Amino acid sequence: MPLIVVPTSQLLWMRVAALLFTCVAFSVAAHGAYLPHGGMADWCIFCWAFSFACTLLVLLVELFGLQARVPVSWSNFPITVACYAALLCLSASIIFPVFFLKYQLPSGETRDHRIVSTVFSCLAAVAYMGEVSLSKARPGEVAGYMATAPGLLKVCQTFLACIIFILISSPVTYDHHPALKWCMAVYCICFILSMAVVVLCVGEWTGCLPIPFSKFLSAYGLLAVIMYLTATILWPVFQFNKSYGRNDNSETIAAAVLTAINFLLYVADLVYSARLVFVSG
């Protein structure tokens with residue numbers, strides 16, 4: 001029977017705090033918030049429940065000392081989970097009060113439950129950000145790729161791409177011009193490749209590539225910057241110009257803003273990757 005080891009560290013307490021905060025957020029929301037089924041309500045519940053489950057898994061593996069037995073790189077997996085959880089809880093902390101406090105104007109206990117869920121969602125986001133800050137690689141430190149700035153940037157890139165997919169797919173806003181279909185192709189290709197990098201690092205499969213991983217990162221980073229530059233220019237031109245059928249609703253505007261932000265993330269990723277020396281865990 002494995003020995004239970006309980007380390008006392010800031011990182012441990014950050015994870016315990018995040019576990020408790022997410023548990024309270026989705027428990028209170030499910031118990032007395034009287035949320036509608038589907039849509040943003042299910043998204044918020046998913047954000048909290050997914051983050052809770054992944055954090056619980058990380059805590060159990062570390063408490064029982066099972067890092068060597070899990071089929072993933074433990075220098076990459078926990079910080080990847082924490083970064084995704086921070087983004088998920090942050091999105092829920094914004095979406096939940098906007099949709100279920102501002103627009104629906106509940107009263108009595110229902111409102112109180114929704115306020116409590118919002119507060120604990122914000123606390124969970126802060127706790128996960130603290131975990132990422134404590135886990136990320138310091139200058140000169142040997143760490144897994146996902147603990148470096150380029151690794152964390154790829155998590156942000158894939159998350160923003162998912163938000164863009166949601167914005168432009170319901171309703172579909174990219175099918176009335178070939179240039180917009182190209183933008184959709186850019187989002188898909190870059191998302192797939194960024195997610196492939198995350199999976200390769202977490203699964204310790206970087207050696208399976210036919211070329212050195214560092215060369216793959218550099219080539220892909222340059223390609224992604226060029227592709228996202230075209231999307232950053234083409235999306236607003238063909239969405240907001242009357243000559244091409246103006247479509248300037250809130251979803252297309254938000255997609256344009258997120259496209260520009262993701263372009264900047266890819267530029268930063270390329271700059272970091274060009275000068276980063278790391279040893280994958």
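Bear in mind that the values here come from a model prediction, so they are computed numbers and not experimental data. Atoms considered below: every heavy atom in the structure, side chains included; atoms not considered: hydrogens, waters and symmetry mates.
Judged purely by atom type and a 3.5 angstrom limit, S93 uses its side chain to pair as donor or acceptor with the backbone of S121. Side-chain N or O atoms of T230 include one that pairs as donor or acceptor with a backbone N or O of M227 at under 3.5 Å. Listed for the T232 side chain is a donor-acceptor partner under 3.5 Å among the backbone atoms of Y228. Within the 3.5 Å criterion, the main-chain N or O of F191 finds no donor-acceptor partner in the side chain of S194. For S133 (side chain) and M129 (main-chain N/O), no donor-acceptor pair under 3.5 Å exists by modelled atom type. With hydrogens and angles disregarded, no donor-acceptor distance shorter than 3.5 Å links the side chain of S135 to the backbone of V132. Side chain of S117 to main chain of A29: a donor-acceptor pair is present (N/O by atom type, distance under 3.5 Å, no hydrogens or angles). With hydrogens and angles disregarded, no donor-acceptor distance shorter than 3.5 Å links the side chain of Q10 to the backbone of G130. A side-chain donor-acceptor contact under 3.5 Å links N76 to the backbone of C201.
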Test side-chain contact (heavy atoms from CB on, under 4.5 Å) applied to V58 and R15, step by step: CA-CA 9 Å; V58 170; R15 287 172 178 161; 3.9 Å; yes
Candidate pair I163 and L167, rule side-chain contact (heavy atoms from CB on, under 4.5 Å), full reasoning: CA-CA 6 Å; I163 301 299; L167 290 172; 4.1 Å; yes
Derivation of the side-chain contact (heavy atoms from CB on, under 4.5 Å) call for L258 and I261: CA-CA 5 Å; L258 292 180; I261 294 174; 4.3 Å; yes
Residues L152, Y272; criterion side-chain contact (heavy atoms from CB on, under 4.5 Å); working and verdict: CA-CA 11 Å; L152 296 175; Y272 273 113; over 6 Å; no
Candidate pair T252 and N249, rule side chain to side chain donor-acceptor pair (under 3.5 Å), full reasoning: CA-CA 6 Å; T252 55; N249 56 41; 3.1 Å; yes
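Residues V61 and W74 are in side-chain contact: their nearest non-hydrogen atoms beyond the backbone lie under 4.5 Å apart. The shortest distance between side-chain heavy atoms of S91 and F159 falls below 4.5 Å. Put simply, the side chain of Q157 reaches to within 4.5 Å of the side chain of D269, judged on heavy atoms. Looking only at side-chain heavy atoms (C-beta outward), F213 and V197 come within less than 4.5 Å of each other. Residues V81 and Y128 are not in side-chain contact: their nearest non-hydrogen atoms beyond the backbone lie 4.5 Å or more apart. Looking at F96 and C47, their side chains never come closer than 4.5 Å, going by heavy atoms from C-beta outward.
Nearest heavy atom pair, residue L180 against residue L234, reads CD2-O, 4.4 Å. Between V186 and A231, the closest heavy-atom pair is CG1-CB, 4.1 Å. For the residue pair L153 and A268, the shortest heavy atom distance occurs at CD1-C, 3.9 Å. When all heavy atoms of A147 and I79 are compared, the closest pair comes out as CA-CD1, 3.7 Å. Considering every non-hydrogen atom in both A125 and A86, the closest pair reads CB-O, 4.3 Å.
A ring-ring contact (aromatic ring centres under 6.0 Å, His included) with F26 holds for exactly one of F50, F21, F52, F46; it is F52. No option in L193, V225, I189 other than L193 meets the side-chain contact (heavy atoms from CB on, under 4.5 Å) test with Y220.
Judged purely by distance below 3.5 Å, without hydrogens or angles, the side chains of Y145 and S73 never pair a donor atom with an acceptor atom.
Clustering ILVMFWY residues whenever any of their side-chain heavy atoms sit less than 4.5 angstrom apart, transitively, puts M195 in the very cluster that holds Y266. Put simply, F99 and I45 are part of the same group of oily side chains (I, L, V, M, F, W, Y) that touch within less than 4.5 Å, one to the next. Hydrophobic clustering of Ile, Leu, Val, Met, Phe, Trp and Tyr side chains at less than 4.5 Å, counting indirect connections, keeps I166 apart from I253. V257 and I94 fall into different hydrophobic clusters, where Ile, Leu, Val, Met, Phe, Trp and Tyr side chains are chained together by heavy-atom contacts under 4.5 Å. Following chains of ILVMFWY side-chain contacts shorter than 4.5 Å, one cannot reach L56 starting from M14, and the two form parts of different hydrophobic clusters.
Within the model, atoms CZ of F100 and OG1 of T118 stand 10.0 Å from one another, a figure rounded to the nearest 0.5 Å. The CG atom of L217 sits 10.5 Å away from the CG atom of L270 when rounded to the nearest 0.5 Å. Put simply, CG on L59 and CG on L12 are 6.5 Å apart, with the number rounded to the nearest 0.5 Å. The CG atom of L60 lies 10.5 Å from the OG1 atom of T55; values are rounded to the nearest 0.5 Å. Expressed to the nearest 0.5 Å, how far CD1 of I168 lies from CD of Q239 amounts to 8.5 Å. In this structure, the separation between CG on L88 and SG on C44 is 10.5 Å, given to the nearest 0.5 Å.
Aromatic rings of Y187 and Y174 (six-membered ring for Trp) have centroids beyond the 6.0 Å cut-off, not under it.
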